[in-house]
Every structure is written in C-alpha cells, then in structure tokens.
Amino acid sequence: MAIIYNHKEVERKWKAVWDRDPVNMPSKDKKNYYCLDMFPYPSGSGLHVGHWRGYVLSDVWSRYKILQGYYVLHPMGWDAFGLPAENYAIKMGVHPAKATAENVENFKKQLKEISAVYDWDKEVSTTDPNFYKWTQWIFVKMFKEGLAYEKQMPINWCPDCKTGLANEEVVNGECDRCGSKVTKKNLRQWMLKITAYAERLLEDLIPLEWPEKVKKMQTDWIGKSYGAEIDFPIDGVDEKIKVFTTRPDTLYGATFMVLAPEHEAIKAITSDDRRAEVEDYVFMASMKSSVDRLQDKEKTGVFTGSYAINPLNGAKIPVWVSDYVLADYGTGAIMCVPAHDERDFAFAKKFELPIIQVIIPEGQELKELEEAYIGDGVMVNSELFDGLKATQAKEAVARYLEEHEIGNKTTNYKLRDWVFSRQRYWGEPIPIVHCQKCGAVAVPEEELPVLLPEVETYQPTGTGESPLAAITEWVNTTCPECHGPAKRETNTMPQWAGSSWYFLRYVDVNNDQELISKEKAKEWVPVDMYVGGIEHAVLHLLYSRFYTKFLYDIGVVEFSEPFTRLFNQGMICKNGAKMSKSKGNVVSPDELVARYGCDSLRIYELFVGPPELDSEWDDRGIEGVYRFINKVWNLLNDNINKSVATTKALEKIKNQMIYDITTRLNSFHFNTVISAFMEYANKLVDISKNHGGVDHQTLEVFAILLSPFAPHMAAEMWEKLGKTNSVFENSWPIYDEEKMQEDEIEMPVQVNGKVKGTIIIGLEETKDSVLSKARELVLSKIEGCTIVKEIYIPNKIINIVVK
RNA sequence: GCGGGUGUGGCGGAAUUGGCAGACGCACUAGACUUAGGAUCUAGCGGGCGACCGUGCAGGUUCAACUCCUGUCACCCGCACCA
C-alpha cells in the first residue's frame, strides 16, 4: 500500500531545524566558493514562479558545492532604491523607506519558502546608510580622480519618470522603465567617465566564462572601430572640419560632406543666401525626438553654400547638413563616399550629387553603380593609390595622411559617458557641495554618508531639479574647503549605483572602516558563479565591471573583473509571454508549495526545460514531480526495515546513477539531471519490487545526490536511514568506473543503415563471434544478397551492407 | 539590414566524439482496486494494415546524419543611419 509523503509536516520540521541551526558549511580550511544571485528589487507584487527559477538553480549549485567540500558564500540582499518605491509613496502617501521596509519583509518571507541556504546574517540593502555611505565614497573617489564630472548637455529625458536617463536605459527610444518616449533636455548633469575604461572593458571580456551572447552585446555596445580623422579645409572660410572615417581608402571617392545639425561649425560656414534654410533645418532637427530621427529612413538635408577641399586632390565638395549624421559619434561630421556607402548613396541619389567609384571588384570593368559597392576590390580613380587592393590602401592612405599632417589614425567607440544624476528623491544623494568660491567640492570622506533627508513631497518636479532642492535647510550648508555658505547637490544617483558594487559588501557587511577589508576581499571575491537574467547584459553587468576596474585602480580590490562565471537563466513564460503582473499571467509559488511542497516546486523549476532557455509554464507538469517524490518516499519505506545485501547489480546501478547525475550537473543540464533521478528511481523501484529489494547503501547515496534538489525530503530520508548527522555534512559521492560496467552489451544490428534488431554480446566477445550472431539475426533480410561490407564499431553498432 | 538563438510526437523536452530518434515527464486511452476517483497501480501511446515513412524545407558527404557541409524558410531575442 502506497504511503503518501507528508510534505507539509516534513518541510515544516526541517525548516524549523535549519532556522535554528543553518546548514553547516565545511570547515574553513576548504576552498571558498562564492555563488551569487543578482539581488532583487523588492517590489510590492512579490515573487512568482519565474523568480524562483534562478534562485533554485543557484541554491542547488551552492548546495552541490558544499557537498563537494567548498566553504560556500550564498548571500541575498536588496536593490531597494528606485522609482517604484517612490511612485508608490506618491500614490499612497507612504514614505518610500517604510514601503521599502515592508516589501523587503514580504520578499524575505517569500524567499524563505524556497529553503535556500542564504547567509541571512550577511544581508545588505542599498538604502541602508551604512551601505550607501560606501556608494557615496566611491563617487567621491571617482570625483577626485576626475572620473565624475559635471556637464551641461542635452540628455535623454523621460517625461513620465521626470528624470534624466543613461544611454543604456533607453531602449528603442523608449524609457527602459516605463516605456514612455524619451525626449531630450538640456540639463546640468553628473557624468561618469566610463569611456576612459572602454578599451579595458572590451579586452577583459575575452577570457570571462560568460554566455557569448552577453559578451557580444557588451562588445557591440562599446562599439570599437578603427579609422582615421581627416581635416578638410573649407573654401574661403578660415575653418577646418575634421571628419571620422573607417574607410580612408575611399577618400578620392568623397563627393560631399555632411555635418550633424548640432555641429558647431555650421554657423561659420553657412553662406548668407543659404542661412535661413539651414537655420530652419537645424531648428526642425532639434525639435525631433531621437526616435523620430531614427525612424525617418528617408534622407533629408540642406546645403550650407560652402565647399570643403579634399586634402588629397584639392577637389571642392559641397558641405551639407543632415540629421542622419550623429553629433555625438566621431567628430559629428563625415566625408561622404556614395559609391561605397549605402547611406551616402541614398543621400547622393536624392540630392543629385556626383558619385565617384574608387574600388572595383577584382577583374571587373568600371560601370555605373545601381547601388553602393561595399565589397573588396582594387583601387581606381585614386591617383598614386590606383591598383592597390582596397585593404592595403586603407593602411597606405592613412599613413600618407599622417605623413602629410592632414589626418591621423584613430579609434572610436560608441560607448558614451554615463549620465549619472537623477532628478528624483529615492536614491543616494550625490555627496557634493557647490560653493560660489571653490566650485564643486566633495563632501569629506569622514562626513559620509550624506543622509537622504525626509521630505514632505516626493513628487518629481519635472523642472530638472530633484525634490531635494525644495528642502532649503538641507540644501544650505557650508563649504568643506572655505567654510563659506554653499549649497548641496540635490540630484541623486541612479539605481545602478548601489548594484554596481554590492557583491563586494556581502563579504564584509559590518566593516565601518573600509568598503571591504583586503583580507576578506582576497578570500572571497571575485564572484565564482553569478546567476541572473539576461536583461542586465549592458546595464548592471557593464556598470559593475566599470566599478570593479575603478576599485582595482585605486587599490581596493586586487582583481578587475567582478564575475568569473555568469549564468543567465531563461525566462518563465505563460501563454507565450514573459510572466509579469502587468500581463496578468503570474503563477504564484505559494499555492504550489502548499499543495505539492517546496521540494516538488524546486525540482519542477529545473525540470521545466533547459535552464538557459525560456520555458513555458504548465501547472500540470508539477504533478509528475510530485509523483516522483512520493515514489522515492515509498522506495525508502519499502526497504527501510529490510536488510538487503549489496549485490553487484545494485553496485552497478548506484555507480551509474552517481556518474549520470554528476556529469549532467557539471554541465548545467539541470533538466536532464531530474530525468536521471526519475529513471533511476524507476529502476530501483523495479528492483525493490521484483528483484529482492534495495540496500541501504544505495538509498543513502540516493539521498545525498537528491539533497541539493529536495533538501527536506533528503534530510528526512537520511534521518530515517538511521543517520544522526546532517545529510549536507556528507561528501558528494564518487563513482567507481569499474563497477559501472555492464557485463553484457545489447548491440543494434543494421542492414544498409536501418536497424533490424539487437543482439546480446559478452564483454570479451570476438569480432567474428559478434558478426556471426549479427548475420544470424538478420538472416532473412540478407538472404540472396551479397554482403558488400560489414561495419563493426565495438560496443556501439553493427551495420551489414548488402546488395 | 547586421549579429545571436530556436525549429524533433497532442505538449514540455531527451539523444558525450555522427552509431537503436522520441529518454524523462505532462496530457490522453484501456484495465485493476474502489461507494467514488481529480488518489494509486498495470498496460498502451510519432505516422502507416503493411513493406516502410518520419527531427522546418531542398540537396550533399557517409556503411550510418537531429548531429557535418551547401542552399532555403519560419519564429524569437539583441543591435540598428555609429560613417
């Protein structure tokens, strides 16, 4: 009679045990391992089964590492500054600090349902003054190193969130957070000079054990390209305009030049008769949002009335203004080679500008172009460079330009400096004081943190000022340098500020002297395994790398990459869409835990599909896992009071089981690890029922293997098997390859590549004997035919080719 | 347009180096036990009566292809006037 496993009782029991006495880590002389989840924003809506996926995965991995003998750090914390708490505060009239504290409480309660081995005594929150003291400290350090600077410039502005945004936060012209169309606003900003780290951010990606996709996204975002800057004198005006090109080889094919509408030389070079039209165009361009500018594929533009002189051959080429040239990339001006660039070609066609081809495909004649020719070839129309291959000409022209001081080789990046200030309340105050006399002065390190003051209204002003600006008693202060009257900076930091370095703080949470002590840093960081969603590929993950490199440069840590290994779990979808409150397709773990237990849900989260891919959630699927749990429970109970001898067959299955589960786990195939558990459970049940029972040794191994996945039941099994220590105090079982070996092998036999049946052969059987058995098996199929060939792959397959 | 990913039963998905396609599970069908079954157990479950045919589609390499090569289609994700 089957017993129903009482998950409620068992889980309650072990949760209580672990609350009192958390899972013991192995002794400290073992190697350390740091396994980290991207810390959550504690939203009011709580956790759904999609959130569980990554947390379960990293917990299984942590527990596996514990069993492998590592001293594991697996902490959890809160990325608690940010807009949602503030918006909630505005709507409900609750202070964000209060709302955040409540959400954290609720989140923590829900997270505890997972029964992960989190080190709760190492919890951090970005909103804790003891934490953000160090967030501010890093800013001060950056300021002193010249990496944090103020700039008045048009920046991305979200009209709904009423704050400036970083480039990384604008997705397809929309606010990453709320989806509103992003506009431009000219504001005084605090910027971080991430561009100073562009090269290192790019190069250091190479050796990281990260998904290629993320590395690629960061590489593209940094966007390095090689080329040359070339000076073009303007005919009749004392101006030179510098352009950037990746194709100096095409210089003889330049037939016009285009400036971005924001280019500062426009005023000086525009002729009087063109001035009205040019000013109109520039004005219209400034009114268009970046989205509109991107979406208008049809080229527009105006002629300035001026001509630039090609420095190589003296050709006069007209200078135009068009919004297809970006002001903030390269020099904001380009030389246009319509013959060899699609965009220039489109522009030339529209405004009937000349097209001069300077590269022809090898072995072909010059003929009129239907479209821009982008490919490789041989130089023509290029005076002394004629006949060279274009690839060689690129270098040759660049060298010539340098020798004649017309231009120079250069490298460009798409990466822009980081717009770091936010005109919002719920963030770290930027620790700067503005003094009439001394300018911007950093708050002295010993005075940190600059506490976020209480305010009456959190409402963003929309004027480009933070709500903090209204608190005059806070704003007015004295200059740390001259002690004269001064005003505090009222902008706050973006949510990314705290999350860019939090992983360091877990290691040394209570240190009030340093951000992290040297010793602890050496022991624990960088993070060995970082688990989280792909959505931070160019945000959090890029910023964290930048911060880490900076902290390395100022000697805080001794490594420059924060996350050695990164794993992006796939999303959980329902009805084909990402699970989210707004889509209304959220599945709550609470009911599933109540009905099937934490262990079942943990296992189902892994079983639902390959961990790196998105998976569709089906509530019914968990039934199968629940049956598996019960099956294992009954297997245990059927054998617990028997003393079954350890037979060769049981040894074999035990070792095979260890092998299969370990190899699949090592390659991160969690879904097939679960399949393996089910297969071996089925096999053991069969042995238990039909072949004399299962020995305790095998059951013990099963419990240990299962313990990272179903910790409660494994602990209960362990106890029922008469053990007094914790199941987690074991070592991960080792398989014995010899004992895994089968003593006979079932081999498929093919005729002409089609399987016709199988034969059983002994381990030592000769090729001749095997082949004769095979022929016998397929006798009826090969009768009357000539055997052309017999393929014999030992232990794999036999293929008899006949005619 | 560029880059990346994915196409396998009714569904989620398996398949080390090319070597028995569909493991494991869901759903479904039949039976058993039951007052009952949304519990449990047993059996079946790609298509076809069959020889055979089947991994998006069309070719190719090979004794042998989900796996390698060429071409092609569909869907998803990222980037997108970066000169």
Side-chain angles (χ1 to χ4, degrees), chain A residues 1-4 171-172 211-217 219-221 223-225 227 243-247 250 254 258 260 293-299 322-326 328-337 340-344 346-347 412-416 534-535 537-538 570-571 573 576 603-604 607-610 612-625 627-628 630-631 634 663-664 667 669 671-682 689 746-758 788-793 795-802:
Chain A
M1 184 57 196
I3 307 163
I4 303 296
V171 179
N172 294 326
E212 287 306 317
K213 182 178 184 171
V214 176
K215 291 199 202 180
K216 180 83 170 66
M217 283 168 76
T219 305
D220 287 352
W221 187 260
K224 182 178 186 176
S225 53
V243 302
F244 171 72
T245 179
T246 54
R247 298 291 305 273
T250 62
V258 175
R293 265 172 79 160
L294 289 176
Q295 271 163 2
D296 292 344
K297 289 285 176 189
E298 180 75 13
K299 299 270 180 291
S322 172
D323 66 3
Y324 83 93
V325 174
L326 306 174
D328 60 357
Y329 180 77
T331 61
I334 59 169
M335 66 173 209
C336 298
V337 185
H340 305 293
D341 182 282
E342 287 174 16
R343 298 148 300 180
D344 298 346
F347 195 88
N412 250 309
Y413 299 91
K414 289 189 204 172
L415 185 69
R416 296 276 84 92
I534 184 81
E535 65 273 18
V538 286
M571 290 183 309
C573 301
I603 291 176
Y604 186 55
F607 190 52
V608 71
E612 70 281 6
L613 299 181
D614 294 351
S615 290
E616 175 74 18
W617 187 266
D618 183 352
D619 271 345
R620 291 176 302 186
I622 197 174
E623 292 275 355
V625 172
R627 284 177 199 140
F628 160 75
N630 274 288
K631 193 177 280 181
N634 279 292
T663 37
R664 292 174 192 199
S667 53
H669 293 157
N671 54 328
T672 60
V673 170
I674 306 303
S675 305
F677 271 117
M678 290 172 168
E679 270 176 82
Y680 284 102
N682 291 343
K689 290 200 171 146
E746 193 187 11
M747 271 182 88
V749 179
Q750 297 181 326
V751 175
N752 290 345
K754 302 268 151 66
V755 175
K756 298 298 173 186
T758 57
V788 181
K789 208 179 199 179
E790 286 174 327
I791 311 284
Y792 169 66
I793 312 291
N795 304 338
K796 284 265 167 79
I797 206 160
I798 297 146
N799 189 8
I800 299 172
V801 186
V802 297

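Reminder, nothing fancy here: chain letters follow the sequence lines and each chain counts from 1.
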*Modelled atom types, side-chain donor and acceptor of A:Tyr604 and A:Asp618, under 3.5 Å*: no
*Mapping A:Asn630 and A:Arg620 onto RNA chain B by nearest heavy atom, which one lands closer to the 5' end?*
A:Arg620
_Does B:U40 have OP1 or OP2 under 4.0 Å away from a side-chain N or O of A:Arg627?_
yes
*Please determine, for B:C68, whether a Watson-Crick or G-U wobble partner exists with both distances under 3.5 Å, and give it or none.*
B:G60
*Within the structure, does a side-chain N or O atom of A:Ser225 lie under 4.0 Å from either OP1 or OP2 of B:A83?*
yes
*Please evaluate the base of B:C81 for a donor-acceptor partner in the side chain of A:Lys299 within a cut-off of under 3.5 Å?*
yes
*Is any side-chain N or O of A:Asn671 closer than 4.0 Å to OP1 or OP2 of B:A14?*
yes
*asked:* Whether the A:Asn799 and A:Lys789 side chains hold a donor-acceptor pair (N or O, under 3.5 Å, no angle test) is what I'd like checked.
replied: no
*Indicate, with a heavy-atom threshold strictly under 4.0 Å, whether A:Asn799 touches base, sugar-phosphate, or nothing.*
base
*Decide if atom CD of A:Glu535 counts as having more than 12 heavy atoms of other residues, nucleotides or ligands within a radius under 6.0 Å.*
yes
*Heavy atoms under 4.0 Å, any strand shown: does A:Ser667 hit a base, just sugar-phosphate, or nothing?*
nothing
_Taking atom types as they are modelled, would you say the side chain of A:Lys631 forms a donor-acceptor pair with the base of B:U40 within the 3.5 Å cutoff?_
no
*Starting at the 5' end of RNA chain B and moving along, which residue's nearest nucleotide shows up first, A:Lys789 or A:Gly609?*
A:Gly609
_Considering every strand and a 4.0 Å limit on heavy-atom distances, what is the contact class for A:Lys216: base, sugar-phosphate, or nothing?_
sugar-phosphate
_Sugar-phosphate, base or nothing in reach of A:Glu342, heavy atoms under 4.0 Å_ = nothing
*Look at the side-chain N and O atoms of A:Asn634 and state whether any lies under 4.0 Å from the OP1 or OP2 oxygen of B:U40.*
no
_Per A:Met217 side chain, nearest of listed nucleotides B:G19, B:A83, B:G78_ = B:G78
*Can you sort out the partners of A:Glu623 under side-chain contact (heavy atoms from CB on, under 4.5 Å), two or more places apart, ordered by chain and number?*
A:Arg595, A:Tyr596, A:Arg627
*asked:* At 4.0 Å (heavy atoms only), tell me whether A:Glu212 reaches a base, stays on the sugar-phosphate, or touches nothing.
replied: nothing
